[in-house]
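Let me begin by presenting the structure, written as structure tokens, before commenting on it.
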Amino acid sequence: MDGFAEKTANQGSLEALEVNVSGTCVLCNLEIDAHYHLFFECSFSRLICEPFAAEVWIFPPADLHYVAAWINQPRVNADAHATSVIKLYFQSAIYLLWKERNARVFTPVSSPSSVILASLDRMMRDRLLSYPASSSFSSSLLLFYISCIRSL
């Protein structure tokens with residue numbers, strides 16, 4: 001089995017510390033807790049990532065290999081804005097999903113997907129607004145992002 005598909009390394013450490021870990025994904029409570037599941041199969045994660053992915057890709061990524069190939073492919077200048085926003089979105093989504101997963105493992109606190117989506121939107125807008133105002137690149141990044149989420 002691919003190391004990426006195995007249970008999260010964190011889970012093994014928790015078991016060693018005698019923390020009660022069921023082995024089931026704490027976000028969807030349906031499947032085995034594994035990196036691959038968390039980022040590509042989990043119904044909770046899909047609520048966060050799929051709407052945006054559907055706006056920017058004809059065929060949203062279905063696995064890690066597709067994502068890696070997409071990240072590594074050469075870009076034309078017109079596509080650079082989209083690439084930057086897409087990478088930032090998915091980096092932010094991964095961060096917030098992992099943060100939510102850890103909150104559910106270590107605390108009794110959990111957030112619904114709507115709260116995660118609102119946090120993700122705020123994080124994206126704040127980051128895209130942080131580029132200097134004189135930069136045409138920054139305004140086009142924000143405009144691209146807003147055009148993607150307008151229909152969500």
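Since the structure is predicted, the reported quantities are computational estimates derived from the model, not experimental observations. Any value given below was found using the heavy atoms of this structure, including those in side chains, with hydrogens, waters and symmetry copies removed.
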Q: Determine, stepwise, if the pair L128 / L88 fulfils side-chain contact (heavy atoms from CB on, under 4.5 Å).
A: CA-CA 9 Å; L128 294 173; L88 180 60; 3.9 Å; yes
Q | CZ-SG distance between R101 and C25, expressed to the nearest 0.5 angstrom | A | 8.0 Å
**Q.** Nearest atoms (heavy-atom pairs only) where L47 meets S113
**A.** CD1-OG, 3.7 Å
Q: Could you tell me the separation between the OH atom of Y95 and the CE atom of M123, rounded to the nearest 0.5 Å?
A: 5.5 Å
Q: Could you go through the side-chain contact (heavy atoms from CB on, under 4.5 Å) check for I86 and F52 one step at a time?
A: CA-CA 9 Å; I86 292 165; F52 183 80; 4.2 Å; yes
**Q.** Closest approach of N29 to T24 (non-hydrogen atoms, all atoms of both residues)
**A.** C-CG2, 3.5 Å
Q.
Rounded at 0.5 Å granularity, tell me how far CE in M124 sits from CD in Q91.
A. 9.5 Å
Q.
Assigning hydrophobic clusters by single linkage (Ile, Leu, Val, Met, Phe, Trp, Tyr; side-chain heavy-atom cutoff under 4.5 Å), is V105 placed with V109?
A. no
Q.
Is the positively charged end of R104 above the ring of F44, judged by distance under 6.0 angstrom from the centroid and angle within 45° of the axis?
A. yes
Q. When rounded to the nearest 0.5 angstrom, what is the spacing between CG in D126 and OG in S119?
A. 10.5 Å
Q: Group every Ile, Leu, Val, Met, Phe, Trp and Tyr by side-chain heavy-atom contacts under 4.5 Å, then state whether L117 and V115 land in the same group.
A: no
Q. Going through the distances and angles, do I48 and L96 end up as a side-chain contact (heavy atoms from CB on, under 4.5 Å)?
A. CA-CA 10 Å; I48 306 301; L96 290 171; over 6 Å; no
Q) Looking at side-chain heavy atoms only, is the closest gap between E55 and S147 below 4.5 Å? A) no
Q. Nearest 0.5 Å, what's the CG-SG distance between L30 and C42?
A. 8.0 Å
Q.
Quick check: closest heavy atoms across E100 and S110, and the distance to 0.1 Å?
A. OE2-CA, 3.4 Å
Q.
Nearest 0.5 angstrom please: K99 NZ to S111 OG, how far?
A. 8.5 Å
Q: Would you check if there is a donor-acceptor pair between the side chains of S130 and R127 at a distance under 3.5 Å?
A: yes
Q. Could you go step by step and tell me if L27 and S45 meet the side-chain contact (heavy atoms from CB on, under 4.5 Å) rule?
A. CA-CA 8 Å; L27 298 177; S45 294; 4.1 Å; yes
**Q.** Residues D121 and Y145: side-chain donor-acceptor under 3.5 angstrom
**A.** yes
Q.
Testing the basics here: between A93 and L120, what is the closest heavy-atom pair and its distance to 0.1 Å?
A. N-CD1, 3.6 Å
**Q.** E41 side-chain N/O to Y36 backbone N/O, donor-acceptor pair under 3.5 Å
**A.** no
